[in-house]
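The analysis underlying the following values was restricted to heavy atoms, covering all of them including side chains, and did not include hydrogens, waters or symmetry mates. In what follows, every chain begins at residue 1, and chains take the letters A, B, ... in the order their sequences are listed.
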Amino acid sequence: MHDIKFVREQPEAFDEGLKRRGLQPMSAEILKMDAERRAAQTEMQELQAKRNEASKQIGEIKRKGGNADEIMKLVASMKDRLALLEEQDRTHAARLQTVLSSLPNILLPEVPPGKDDSDAKEVRRFGKIPAITTPKEHFELGEKLGMMDFERAAKLSGARFTILQGQLALLERALGNFMLDLHTQEFGYLEVSPPLLVKDEIMFGVGQLPKFADDMFFAGRTKSREDLLREALNYAEAADIEKLKKGEASLADVVASAMRRAPVKEDLWLVTTAEVPLTNLVANEIVEKEKLPLRFTARTPCFRSEAGSAGKDTRGMLRQHQFYKVELVSITAPDQSLAEHERMVNCAEEVLKRLELPFRTVVLATGDTGFSSRKTYDLEVWLPGQNRFREISSCSVCGDFQARRMNARCRGAGEKQTEFVHTLNGSGIAIGRCLIAIMENFQQSDGTIVVPPALRKYMNGLERIG
RNA sequence: GGAGAGGUGGCUGAGUGGUCAAAAGCGACGGUCUCGAAAACCGUUAUAGGUGUAUGCCUAUCAAGGGUUCGAAUCCCUUCCUCUCCGCCA
């Protein structure tokens, strides 16, 4: 969400920011809305002041037992105008809020121009790409070991699910434990076990809603389908029903229109990442500045509909509806966030270094950076089976963009003024993809997989899978 | 799921239609006193928005959103949340 003051004070900079996102300039339109709103607001408030004054007088007159009819008539005459102005004020505020919250964050100046991941700028590279003759992909290895089962997963849940068994299931668990230990014991993150189902406003706070509902799974607390439909149909408009009777609209049209009007309630969303609950821990709070930065980590499942990625990465477990990830979230004072961003990337990189996985760190291009982010580093791990680097971690600094949406503020000791905190999030790192990377990078010619030394104590000393 | 009770400032808690942005207590901050501290006493102590050169003035906010009324913390509706008892349950 953008600060209306920023648009007022630096409309050119605002439009330039949108341009780098490939969007049309909006400042003129927004400022027009803002001016209209303020004009109407001033009139409303002046009228409210008059009403309050008069009402006070009525109170006094009545207490003294006098007759206040005259002045009551005066106040009554303001009523229609005031109701109109109040209604307008709500409309204006909602309109402004809708625009400001639907536009993506302004990117930092150093974010390289470009439209997709091929335009990302490499900043550094670690590790040595292993020399493997005819490397296999993870699903070939996994299926041959009898520890990765895609067919039964499809039987249970359809495409984009995987079943891990035996030592690979253990590997998944070990990876999570290893990462959490590293971040809590060496980097000072607080381990959190958060809810995985969250309310609308929580998804709004991190920028997932209202724009990205299609990327998520939804878990309503269902009554029967019949009850839900009946409830929704209470919101059908008479006009629609009339059309239905005349055969001008289908039943589906009427239902769809009623559903749009019906209030959304008892909705819970499955988290797409632990960033969602962790960042919202400070929502609607004022944190003491001296307690910042707050650093949270969590290992959670992540649920994604992958709506826009039909046909991509269909084989194996690279892109799933459900996967585990260890997430890092920092809440900082405004002047700390950029330094914290570098620190966070280092924490994520350390995971790959200890696991001896080759990777590179890139800065995402303007067109590829997420909605809420001002700048994003991706870590890309080498996958021998695919003969290329693939994203395994994404670390973003969001400035006050999310904080403004979730009203998360901080205040220094003895200070009066509050400020919005800055938020950062990063994968530290994706467990599913890390498991793939280990399988492919440590594969042996006999189909077994060597366990990276750093991980063995988390696997009961196991040195080789298979 | 059933029945009931609630949600008021940093915290506790009073307030059931009108000088209520809200008593009182605690906490915090400032001052007096003291060599210093404690105690005591005095004072200050919410957030956001609008407006103005300015001390300022105005508006909104008593969980959230609507409504009734000349006037709402107080009455009505909806939603969210908390607690108690019963039921169910890992």
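- Pairing for B:U51 is with B:G56, a Watson-Crick or G-U wobble pair whose two hydrogen-bonding atom distances lie under 3.5 Å.
- Residue-level contact check: A:Arg404 touches neither bases nor backbone, having no heavy atom under 4.0 Å from any strand.
- The environment of CD in A:Glu110 is crowded: more than 12 heavy-atom neighbours from other residues, nucleotides or ligands sit within 6.0 Å.
- Distance noted for atom C1' between B:A63 and B:G7: 6 Å (whole Å).
- Side chain of A:Lys5, nearest nucleotide from B:G67, B:C70, B:G49: B:G49.
- Rounded to an integer number of Å, the gap from CG of A:Asn284 to C1' of B:G10 is 16 Å.
- Between A:Arg37 and A:Met33, the closest side-chain pair of non-hydrogen atoms is not below 4.5 Å.
- In this structure, A:Tyr324 places its OH atom where only 12 or fewer heavy-atom neighbours from other residues, nucleotides or ligands lie under 6.0 Å away.
- Side-chain atoms of A:Pro194 and A:Thr300, non-hydrogen and from C-beta on, do get closer than 4.5 Å to each other.
- Rounded to an integer number of Å, the gap from A:Glu86 CD to B:U68 P is 10 Å.
- Judged by the 6.0 Å and 45° rule, A:Arg405 forms a cation-pi pair with A:Phe204.
- One finds no side-chain N or O of A:Arg37 lying less than 4.0 angstrom from the OP1 or OP2 phosphate oxygen of B:G49.
- Put simply, CZ on A:Arg90 is 14 Å from C1' on B:A64, counting in whole angstrom units.
- When Watson-Crick and G-U wobble pairs are counted only if both distances are under 3.5 Å, B:A37 pairs with no nucleotide at all.
- Within the shown strands, nothing qualifies as a pairing partner of B:G17 under the Watson-Crick or G-U definition with both distances less than 3.5 Å.
- With RNA chain B read from its 5' end, the first of the two nearest nucleotides for A:Arg409 and A:Glu87 is the one closest to A:Arg409.
- The pair A:Arg299-A:Glu191 fails the salt-bridge criterion, with no side-chain N (NZ, NE, NH1 or NH2) lying under 4.0 Å from an Asp/Glu carboxylate O.
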Report each atom pair, protein N/O against N/O of nucleotides 56-59 of chain B, whose distance is under 3.5 angstrom.
from, atom 1, to, atom 2, distance (Å)
B:U59, OP1, A:Asn52, ND2, 3.2
B:U59, O3', A:Gln48, OE1, 3.2
B:U59, O2', A:Gln48, OE1, 2.8

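- When side chains are defined from C-beta on, A:Ile436 counts as touching A:Leu318, because their heavy atoms get closer than 4.5 Å.
- Across the protein-nucleic acid pair, A:Phe420 atom CZ and B:U47 atom C1' stand 11 Å apart, rounded to whole Å.
- A:Lys155 and A:Glu151 are not joined by a salt bridge, as no carboxylate oxygen comes within less than 4.0 angstrom of a charged side-chain nitrogen.
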Listing time: all N or O pairs from protein to nucleotides 16-22 of chain B that are below 3.5 Å?
from, atom 1, to, atom 2, distance (Å)
B:G18, O2', A:Arg63, NH1, 3.1
B:G18, N2, A:Ser55, O, 2.8

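- Remark: P of B:G66 and CG of A:Asp89 are 10 Å apart, rounded to the nearest angstrom.
- Remark: B:A72 base-pairs with no nucleotide; criterion is Watson-Crick or G-U wobble with both hydrogen-bond distances under 3.5 Å.
- In this entry B:G27 has B:U45 as its Watson-Crick or G-U wobble partner, both defining distances falling under 3.5 Å.
- Under the Watson-Crick or G-U wobble criterion, with both distances below 3.5 Å, B:C88 has no partner in any strand shown.
- Atom CD of A:Glu285 is separated from atom P of B:G10 by 12 Å (rounded to the nearest Å).
- For the pair A:Asp34 CG and B:G49 P, the computed distance is 12 Å after rounding to whole Å.
- The phosphate of B:U51 has OP1 or OP2 within less than 4.0 Å of a side-chain N or O from A:Arg38.
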Would you check, one step at a time, whether the test ring pair (Phe, Tyr, Trp, His ring centres under 6.0 Å) holds for A:Phe14 with A:His2? CA-CA 9 Å; A:Phe14 181 74; A:His2 294 283; 5.3 Å; yes

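- No side-chain donor-acceptor contact under 3.5 Å links A:Asp89 to the backbone of A:Leu85.
- Across all strands shown, B:C80 forms a Watson-Crick or G-U wobble pair with B:G7, both key distances being under 3.5 Å.
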